[in-house]
Amino acid sequence: MLFFHPFKIMKQKLETLLQHAITCLKSEAILDQEIAPQIIIERTKDSRHGDFATNLALSLAKPVKTNPRQLAEKIISLLPSDPAIAKVEIAGPGFINFFISPDSQFQIIEQIHTAGRNYGSSKIGAGEKVQVEFVSANPTGPLHVGHGRGAAYGSAVADLLQAVGFDVSKEYYVNDAGRQMDILAVSIWLRYLEECGEVVTFPCNGYRGEYIRDIAFNIHNNTGNEYRHPAELVIEDIPADEPHGGDKELHIDALIVRAKTLLGDSLYRDLFQAGLNVILDDIKDDLEEFGVTYQEWFSERSLMEDHSIKDALQRLDDGGYLYKKEGATWFASSRLGDEKDRVVVRDNGQSTYFASDIAYHMNKLDRGFDQIINIWGADHHGYIPRVRAAMLALGADESKLKVLLVQFAILYRGTEKVPMSTRSGEFVTLRQLRSEVGTDAARFFYVMRKSEQHMDFDLKLATSKTNENPVFYVQYAHARVCSVLRQLDEKGLNRNLNLGMKNLNKLNESHELALITILSKYPEVLEKAALQYEPHLLINYLRELATSFHTYYNAHQFLVENEALRNARLNLICATKQVLSNGLSLLNINTPESM
RNA sequence: GCGCUUGUAGCUCAGCUGGAUAGAGCAUCGGCCUUCUAAGCCGAGGGUCACAGGUUCGACUCCUGUCAAGCGCACCA
């Protein structure tokens, strides 16, 4: 039995015992036969309350019409005895507290040793295909620190799900079609023309980042004047830009049209593609260096090229969900919970971004995923009802769709808010952040907070080398165990695994028992963090584990004279090292052997 | 105006889906290195859980209302 979880077995055992007591209560006519109480067994917060507790007496007090403490006493008297349970107590208003026998607790150390890197993993998600789509930033520039949070969170969620047995596929939706990409192409073209020596005024709505100049520079270097046209022709009869009393949208749209006519379809496409490739490659490298990898990079444009959009719209039409109004085609999403209907084909014949998204979700459904998880920036929350409506209209079970929102991190430099806008080119990139604080710290920091929580990210603090960052605290615990093992070696001592396992019962210091209890919680923490999509629970756990270890370290010497005790302690701290390593690795954070 | 999210220590955040005395980290103050790394440990102070009602044995947690902050309400993506 590879995935053996003592805690689960313990809970099941307690449940069986309590069930027995309930049956007795019924046969003694204390409890009505009809009532089937839910037995809830939870971990205690405080070790003085034992290891597990149930509120059964509290919830049954009313139907039984007696006070909870009296009932608890009765229940306890009806419990069969069990060697794994050392003590049962009544506490507070009527809780029943269970104290697990130490022998039973010690088993966990052997479990961890046997399971190794698999300790904590499970199969609860077995047989279920899950897709996690995240980041999916427009390939119009480098990723910034806002995307970083989505990347860290999304990959953590996916990896957690994988660890508990789901068949997970990570995917990036590439918005390689649409107006924003045209604006990118034009921005590159204009910078290119500047490289050629033409004098053009850059549109206020264009992408102004330095990376655009780099791309233009390279294109000019590689292809010479192939894309060159005189500036006069480029701006001839173009409506004025905003600073000159015009409309910036009209201005840039006219420039797009001009670029297409002057360059022709083929050259325009080449330019467009060159920009896309450079930026997308950069994003891929960036994410990979951040420890984020994907199974699939899904192209929006492919949905147009293989007629998926047409097919999807056809399906909506077949269901009677499409209608024409004012030259456009509308999806009657308001009939399916959206606040109003949405355009899917504009009056100029172009399909909207939403139409692509409908096709994309149809494609996801067709690929047979049981769960479709979309991780979006919180600013897109208004978009959820229309996608749900699309799922329904496509005849899908909309509960398959889960949208998890990530609040943007608000950047500060000290007390000063850092303004961010991709267009203005004024942003801190993920790459900058990583090089300043390190990948480990960045990942840890991002995932440390609940995803829907607004997050203040103080660059000054994160970039300062003062190491207030909790990631070091956890890594340090791991490094300390390694250090102890090195010391063992230096002292010419050997580790005797079996001797240690035989003497686990010598671990009776309160610090040791506390540490063992925490180690035993890891599988349930992992399971919960995965099923609730809350990786911060894992971080919290690792911090708690590290604290417990550091406390123990300071209170007791591990490398003691007594060989039996020494090896028992070594087994305990090696189990700790294993769990720290499992947790950190899952989050793609390094586990240094020395610091 | 409508909708979504948030409001917990001076600051940044947890709080196991309704349980026991609301917890960490940072900051402040006081202790601990001839002993396995002091990036550590121990202790102290600090709270009307935004506010007001309600539901029940029991509410930070659920319901209603109010206030405050962020975001969204396109034939943009």
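Keep in mind that what you see is a predicted model, and the values were worked out from it rather than measured. Just so it is clear: chains get the letters A, B, ... in the order the sequence lines come, proteins before strands, and each one is counted from 1.
A gap of 15 Å separates the C1' atoms of B:rG40 and B:rU35, to the nearest Å. Between the C1' atoms of B:rC60 and B:rA50, the separation comes to 12 Å (whole Å). Remark: the separation of the C1' atoms in B:rA59 and B:rA20 is 14 Å, to the nearest Å. Nucleotides B:rU66 and B:rG1 place their P atoms 11 Å apart, quoted to the nearest Å. With both ends at atom C1', the span from B:rG54 to B:rG18 equals 15 Å, rounded to whole Å. Distance check on atom P: B:rC71 versus B:rG47 gives 32 Å, rounded to whole Å. Separating the C1' atom of B:rG15 from that of B:rA24 is a span of 10 Å, rounded to the nearest Å. Using atom C1' as the reference point in both B:rU48 and B:rC32, the two lie 38 Å apart (nearest Å).
As rounded to whole Å, 15 Å separates atom C1' of B:rC75 from atom CG of A:L322. Atom CE of A:M448 is separated from atom P of B:rG23 by 21 Å (rounded to the nearest Å). What separates CD of A:E42 from C1' of B:rA20 is a distance of 10 Å, to the nearest Å. Rounded to whole angstrom, the span from the CD atom of A:E593 across to the C1' atom of B:rC36 amounts to 16 Å. For the pair A:F445 CZ and B:rG25 C1', the interatomic distance rounds to 10 Å; values are reported in whole Å. The CG atom of A:L545 sits 15 Å away from the C1' atom of B:rA24 (whole-angstrom rounding). Put simply, CZ on A:F472 is 18 Å from P on B:rG25, counting in whole angstrom units. Distance, A:I539 CD1 to B:rU12 P: 20 Å, rounded to whole Å.
Ring-plane geometry between A:F354 and A:Y383 is classed as perpendicular, the angle between the planes exceeding 60 degrees on a 0 to 90 degree scale with a lower cut at 30. Under the 30°/60° scheme for interplanar angles, the aromatic rings of A:F549 and A:F558 are found to be tilted.
Of the listed nucleotides (B:rC13, B:rA20, B:rG25), B:rG25 has the atom at the smallest distance from the side chain of A:R543. The side chain of A:R480 has B:rG40 as its nearest neighbour among B:rC13, B:rG40, B:rC16. The A:K340 side chain lies nearest to B:rA74 when the options are B:rG19, B:rA77, B:rA74. The A:H550 side chain lies nearest to B:rG40 when the options are B:rG40, B:rA77, B:rC36.
Each of A:I373, A:I375, A:N374 was scored for a side-chain contact (heavy atoms from CB on, under 4.5 Å) with A:E133, with one residue passing: A:N374. Between A:D338 and the choices A:R335, A:K340, A:R342, the side-chain hydrogen bond (donor to acceptor under 3.5 Å, both in side chains) rule is met once, by A:R342. Remark: of the listed residues A:L580, A:T591, A:D440, A:L580 is the sole one forming a side-chain contact (heavy atoms from CB on, under 4.5 Å) with A:V474.
In this structure B:rC41 sits in the anti conformation; its chi angle is more than 90° from 0. With its glycosidic angle more than 90° from 0, B:rU61 is assigned anti.
Checked against the 6.0 Å centroid threshold, A:H550 and A:Y473 count as a close aromatic pair. Between A:Y522 and A:Y541, the distance separating the two ring centers is shorter than 6.0 angstrom.
A distance of 7.0 Å separates CD1 in A:I39 from OG1 in A:T54, rounded to the nearest 0.5 Å. For the atom pair CD (A:E171) and OH (A:Y360), the distance works out to 3.5 Å, reported to the nearest 0.5 Å. If you take CG on A:N55 and CD on A:E42, they are separated by 6.5 Å, rounding to the nearest 0.5 Å.
Remark: ring of A:F95 does not overlap the six-membered base ring of B:rG19 in a stacked fashion, as centroids less than 5.5 Å apart with planes less than 30° apart are not both met. Ring-base stacking between A:H380 and B:rG72 is not satisfied when judged by a centre separation under 5.5 Å and a plane angle under 30°.
Using a 4.0 Å heavy-atom distance criterion, A:A555 is classed as making no nucleic acid contact. Using a 4.0 Å heavy-atom cutoff across all strands shown, A:A53 reaches at least one base atom of the nucleic acid. At a threshold of 4.0 angstrom between heavy atoms, the contacts of A:Y473 are confined to the sugar-phosphate backbone, with no base atom among them. If you check every strand for non-hydrogen atoms under 4.0 Å, A:D347 touches a base. At the heavy-atom level, A:S594 lies under 4.0 Å from base atoms of the strands shown. Note on A:H511: nothing from the nucleic acid sits closer than 4.0 angstrom, heavy atoms only.
Neither OP1 nor OP2 of B:rG15 sits under 4.0 Å from any side-chain N or O of A:Y541. Using a 4.0 Å cut-off, some side-chain N or O of A:T551 falls inside it from OP1 or OP2 of B:rC42. For B:rC76, the OP1/OP2 oxygens have no side-chain nitrogen or oxygen of A:Q350 closer than 4.0 Å. Contact between the side-chain N/O atoms of A:K45 and the OP1/OP2 oxygens of B:rC16 is not found at any separation under 4.0 Å. Under 4.0 angstrom from either OP1 or OP2 of B:rU21 there lies no side-chain N or O belonging to A:R48. Dashed line: the shortest gap from a side-chain N or O of A:S483 to OP1 or OP2 of B:rU37 is under 4.0 Å. At the phosphate of B:rA77, OP1 or OP2 sits under 4.0 Å from a side-chain N or O atom of A:R346. For the pair A:H536 and B:rG15, the criterion of a side-chain N or O lying under 4.0 Å from OP1 or OP2 is met.
In summary, A:E326 and A:R346 do not engage in a salt bridge, as defined by a charged side-chain N under 4.0 Å from a carboxylate O. Of the charged side-chain nitrogens involved, none lies within less than 4.0 Å of a carboxylate oxygen, so that A:E490 and A:R486 do not count as a salt-bridged pair.
Side-chain to base pairing of A:D379 with B:rG72: no donor and acceptor N or O lie closer than 3.5 Å to each other. Taking 3.5 Å as the limit, the base of B:rA20 and the side chain of A:N97 contain a donor-acceptor pair of atoms between them.
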Protein-nucleic acid N or O pairs under 3.5 Å, nucleotides 2-11 of chain B:
from: B:rG3; atom 1: N2; to: A:H381; atom 2: NE2; distance (Å): 2.9

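Atom NZ of A:K402 has more than 12 neighbouring heavy atoms from other residues, nucleotides or ligands inside a 6.0 Å radius. Environment of CD in A:E305: crowded, with over 12 heavy atoms of neighbouring residues, nucleotides or ligands closer than 6.0 Å.
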For RNA chain B, what dot-bracket results from Watson-Crick or G-U pairs at under 3.5 Å, with [ ] for crossers and | for inter-strand partners? (((((((..((((.....[...)))).(((((.......))))).....(((((..]....))))))))))))....

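Summary of the strand contacts: A:M455 and A:G92 both lie near RNA chain B, and taking for each the nucleotide with the nearest heavy atom, the more 5' one is attributed to A:M455. Residues A:V345 and A:A546 each lie close to RNA chain B; by heavy-atom proximity, the contact nearer the 5' end of the strand is made by A:A546.
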